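The structure under discussion appears below in the form of structure tokens.
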Amino acid sequence: MVTYFKEILTGFYSLLAGMAVTIKYFVKPIVTVQYPRQKLSMSPAYRGHTEFVLDLETGTHRCIACEMCARICPSQLITVEGVKIDPKKKVPRKYVIEYQYCSLCGLCVESCPTKALKFSEEYRLAGFSREDCVVDLLARLQAQQQRAGLAVTPRPEARREEGEAKPEGEVKG
Amino acid sequence: MHEPGQEEKTYVLNFGPQHPSTHGVLRVELQMEGEFITKAAPDIGYGHRGHEHMAENRNYQQFLPNMGRVDYLHALAYNQGYCMAVEKLTGLEVPERAEFIRVITAELNRIASHLLWVGAYLLDLGAFTPFLYCFDDRENILDLLDRVTGSRLTYCYYRFGGVPKDIDDEFMAGCRAFITRLRGRFKDYDDLVTKNIIFIKRTRDIGVISKEQCVRYGLTGPMVRGSGIPYDIRKSEPYSVYPRFDFEIPIGERGDIMDRYLVRIREMAQSLRIIEQALDKLPDGPIMAEKVPKRIKPAAGEVYQAVETARGEFGCYIVSEGDIKPYRIKLRVPSFGNLSILPEIAVDTLVADLVAILGSIDVVVPEIDR
């Protein structure tokens, strides 16, 4: 009988002690952020989709279309098409990532021999269709150059070689 | 009781797969007699993604992001287990600083996992307030890990031979601030949860697992430690730089839900100790081994590496045939073993207690299905 009442008392006290904790935090500053009106800054290591590094010395990207990134990508979502503008230099004609398949491992950025890639700080990436997630890195770079007031890198023309027709929409290997 | 002349009938209740207390897509088929369970049969495989098969179709680096998605709550331990297995296979030496960084981040991730468990488990039991406090604390860890790993949940941070990004002073200061903060919070958790009469009534002497059952079912992690067996891979088969730290393995006495809860809470305090020591002893030096080959092509052979995750022993078994792709990768996941005891301890309990027992196992269903 004594233990019965003792348990009721200690039980009631434990509930009050818990309530005291709640009240303690009730008067403390708010930790939540009202998202659309307030925004947190992204961390410096945040991984958005990849984008070209705008090299300020040359005013353009550093990509040499070696396809290292396309080969290491676990989801095979990078499509690079290079074109030779002179016998020693190769530049990408097309660099497209299908971000919806990306698992954000960062292997492409690490494997790049010329450090031409970095992560963007884009985080509002929701879209209505699959095509909304496809990012054209060259177009992105051009827009970036325009904003910075630099000369826009033109998209190199594909060189037509005689007797060899490449089908459009080639399946990537 | 049955009315005279009425047939005795058992009732089949489907618990899940879309039930918030199953923490994923786990279905438990329950045979009920009134309010009591006579048989519980877990049905798994709803979230099967074929990770092991994926490993056979891609090379060693390309399998790295998968390791963040098997157990999404303690992803860094999986990263570590896989990386260590491949390093063992290829004979890569990891620099000391990288090992320390791995330990710090993996322990932070372990605390995040336990905090999420405490919050979500109490949510199962009907307490909403602790959930918010746990997530508030966990948010701090996610912010810290975000600074170094670049992601908040599905980490892909370790590489063969080290880590790709060094930790900075701000991260270390943040870690120390977090250690002080969480140590101050333990008293609040104590008042709010551990001493709470409702919580005690729902967890004391419920779901008792004996030592003998633990061994018979091959349980690992807080499940086995809650029953009083001090088995922790970090101590029993030391890996990485864990032997250099001074920490204890908390164990329970009775093997009930309360003990498992206490073990996890005390483990967080021990993880904080490890992080503190690692921050103090952090050596300078490179974070990546020299001469890491671009293409990992180990010689033929096989290797097994076990690490302690928040849920128990994770083992990575790799068979190589000297190719750039592994011949076979077998992942030994702790939740699968831990769940296997459910049919035995769920018998003759109430449905409400089943929720409490299932939650205390701390299953991560994607890990079971993998």
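None of these values were measured; they are calculated from a predicted model. All chains are named by letter (A, B, ...) in the order of the sequence lines, taking the proteins before the strands, and each is independently numbered beginning at 1.
- Within the 4.5 Å cutoff, no side-chain heavy atoms of A:Ser75 are placed close to those of B:Gln62.
- Applying the 6.0 Å contact sphere to OH of A:Tyr13 captures no more than 12 heavy atoms from other residues, nucleotides or ligands.
- Neither the backbone nor the side chain of A:Met42 comes within contact range of chain B, judged by heavy atoms closer than 4.5 Å.
- For A:Lys115, the NZ atom is densely surrounded, since the number of other residues' heavy atoms within 6.0 Å is greater than 12.
- Shown here is B:Met172, whose CE atom has more than 12 heavy atoms of other residues, nucleotides or ligands within 6.0 Å.
- Nearest heavy-atom pair, A:Ala17 versus B:Asp191, reported as atom, atom and distance to 0.1 Å: O-CB, 4.3 Å.
- Scanning residues 124-136 of chain B against chain A with a 4.5 Å heavy-atom cutoff picks out B:Thr129, B:Tyr133, B:Asp136, ordered by number.
- Looking at B:Arg58, only its side chain comes within 4.5 Å of chain A, counting heavy atoms on both sides.
- Of all the listed residues (B:Lys195, B:Arg147, B:Lys201, B:Gln61), the one sharing the greatest number of non-hydrogen pairs under 4.5 Å with chain A is B:Arg147.
- Heavy-atom pairs under 4.5 Å with chain A peak, among B:Val193, B:Thr149, B:Asn66, at B:Thr149.
- Options A:Thr22, A:Thr10, A:Thr32, A:Leu104 differ in how many heavy-atom pairs under 4.5 Å they form with chain B, and the most are formed by A:Thr22.
- Taking a 6.0 Å sphere around CD of B:Glu290, one finds it holds 12 or fewer heavy atoms contributed by other residues, nucleotides or ligands.
- In this structure, the separation between OG on A:Ser43 and CG on B:Leu144 is 10.5 Å, given to the nearest 0.5 Å.
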Criterion salt bridge (Lys or Arg N to Asp or Glu O under 4.0 Å) on B:Lys165 and A:Glu110, from CA distance to verdict: CA-CA 10 Å; B:Lys165 194 174 186 295; A:Glu110 280 160 37; over 6 Å; no

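- Applying the salt bridge (Lys or Arg N to Asp or Glu O under 4.0 Å) test to every pair with at least one member in residues 62-72 of chain A, sequence neighbours left out, gives these pairs: A:Asp55-A:Arg62.
- Neither the backbone nor the side chain of B:Lys187 comes within contact range of chain A; no heavy atom of the residue lies under 4.5 Å from a heavy atom of that chain.
- Within 6.0 Å of atom OH in A:Tyr35, more than 12 heavy atoms from other residues, nucleotides or ligands are found, so the atom counts as buried in its surroundings.
- Scanning residues 49-57 of chain B against chain A with a 4.5 Å non-hydrogen threshold yields no residues.
- In summary, of the residues considered (B:Leu192, B:Ile197, B:Thr194, B:Ile198), a side chain to side chain contact (heavy atoms under 4.5 Å, CB included) with A:Ser14 occurs for B:Ile197 alone.
- Among residues 151-159 of chain B, the residues having any heavy atom closer than 4.5 Å to a heavy atom of chain A are, in sequence order, B:Ser151, B:Cys156, B:Arg159.
- Using a 4.5 Å cut-off between heavy atoms, A:Val31 contacts chain B through its side chain alone, with no backbone atom that close.
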